[in-house]
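Data block below; observations after.
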Amino acid sequence: MEKKNKLLNIEEIHTYYGESHVIQGLSLHVDESEAVSILGRNGVGKTTTLRSVMGLTPPRSGRISIDGKDTTKLPAHKVSKLGVAYVPAERHIFPGLNVEENLKLAARPANGHKSWTLERVYDQFPVLSDRTKQDGATLSGGEQQMLAIGRALISNPKIIILDEPSQGLSPLLVNAVTECIQNFCVNSGITLLVVEQNYRMALKVAGRHYLMGTKGQIAGVATTAELVGNPQIIQDHLAV
Ligand SMILES: Nc1ncnc2c1ncn2[C@@H]1O[C@H](COP(=O)(O)OP(=O)(O)OP(=O)(O)O)[C@@H](O)[C@H]1O
Ligand SMILES: [Mg+2]
């Protein structure tokens with residue numbers, strides 16, 4: 001079998017906030033064109049794992065590489081330049097800028113015919129194309145999530161990292177955002193790492209799932225088929 005390229009590889013990282021040892025030896029990887037989720041209870045360290053990858057809260061030990069390049073000690077802007085688009089749970093829409101300005105500010109050229117352009121983002125998110133001149137900060141929660149994802153796409157990254165895209169959305173909007181993520185993953189074969197408490201959404205958008213235990217360690221890993229076939233795994237793992 002052809003050996004897959006580990007686009008993101010996290011090896012045995014330990015991450016702290018001051019004295020607080022939050023991530024205690026975590027390893028995981030995401031292959032090129034793969035969509036992977038991290039599932040875990042509140043406060044186990046999911047966001048901290050993403051912040052470690054982004055260089056926002058760098059690990060004190062262990063190793064992180066992106067497309068074979070060691071990024072463990074790189075600051076966030078350099079990690080982002082290597083082609084990592086991070087959409088935090090708070091979305092960080094630029095206030096005072098309209099939808100189009102938000103998108104244009106994030107746009108980066110890509111080589112290849114399937115690159116993301118303004119037109120392609122509007123095509124994918126018709127909601128945004130109806131609101132190009134609206135201040136990003138006045139969009140609804142679901143619209144802001146779509147804008148945040150659109151901004152990630154238009155930067156033409158190697159990998160998109162989403163922290164709880166369903167957070168704060170009504171069930172209807174969760175479905176809409178889920179469909180968008182499914183569409184752009186399937187259509188463009190983009191590499192995705194997503195953190196979700198909404199495991200139904202995670203099962204729809206990712207094919208492989210890491211179950212995070214306390215102390216930010218990986219307690220298990222399973223494919224979507226395995227979790228659908230044995231929902232008890234999720235219950236045991238995520239029930240409070
Ligand atoms: N800036 C910080 N300073 C100190 N401790 C923090 C900080 N941010 C997070 N923590 C702590 O680190 C632990 C992991 O937090 P983290 O936000 O990574 O969890 P999470 O799995 O993303 O949780 P949630 O599901 O609620 O988003 C928690 O105990 C949290 O209180
Ligand atoms: Mg979190």
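As the structure lists them, so they are numbered: ligands from 1, and atoms in each ligand from 1.
In this structure, K6 does not pair ionically with D31, as no charged nitrogen and carboxylate oxygen lie closer than 4.0 Å. The pair K46-D163 does not meet the salt-bridge criterion, since no charged nitrogen lies less than 4.0 angstrom from a carboxylate oxygen. Between R63 and E12 there is no salt bridge, since no side-chain N of the basic residue sits under 4.0 Å from a carboxylate O of the acidic one.
For the pair R120 and F125, the cation does not sit on the ring face, since its NZ or CZ is not both under 6.0 Å from the ring centre and inside 45° of the axis.
For ligand 1, the protein residues placed under 4.0 Å by at least one non-hydrogen atom are Y17, V22, R41, N42, G43, V44, G45, K46, T47, T48, E164, Q197.
In this structure, H92 NE2 and N102 CG are separated by 12.5 Å, a value rounded to the nearest 0.5 Å.
Between Y86 and L56, some side-chain heavy-atom pair lies under the 4.5 Å cut-off.
Because the distance cut-off is set at 2.8 Å, T47 qualifies as a neighbour of the Mg ion (ligand 2) through one of its N, O or S atoms.
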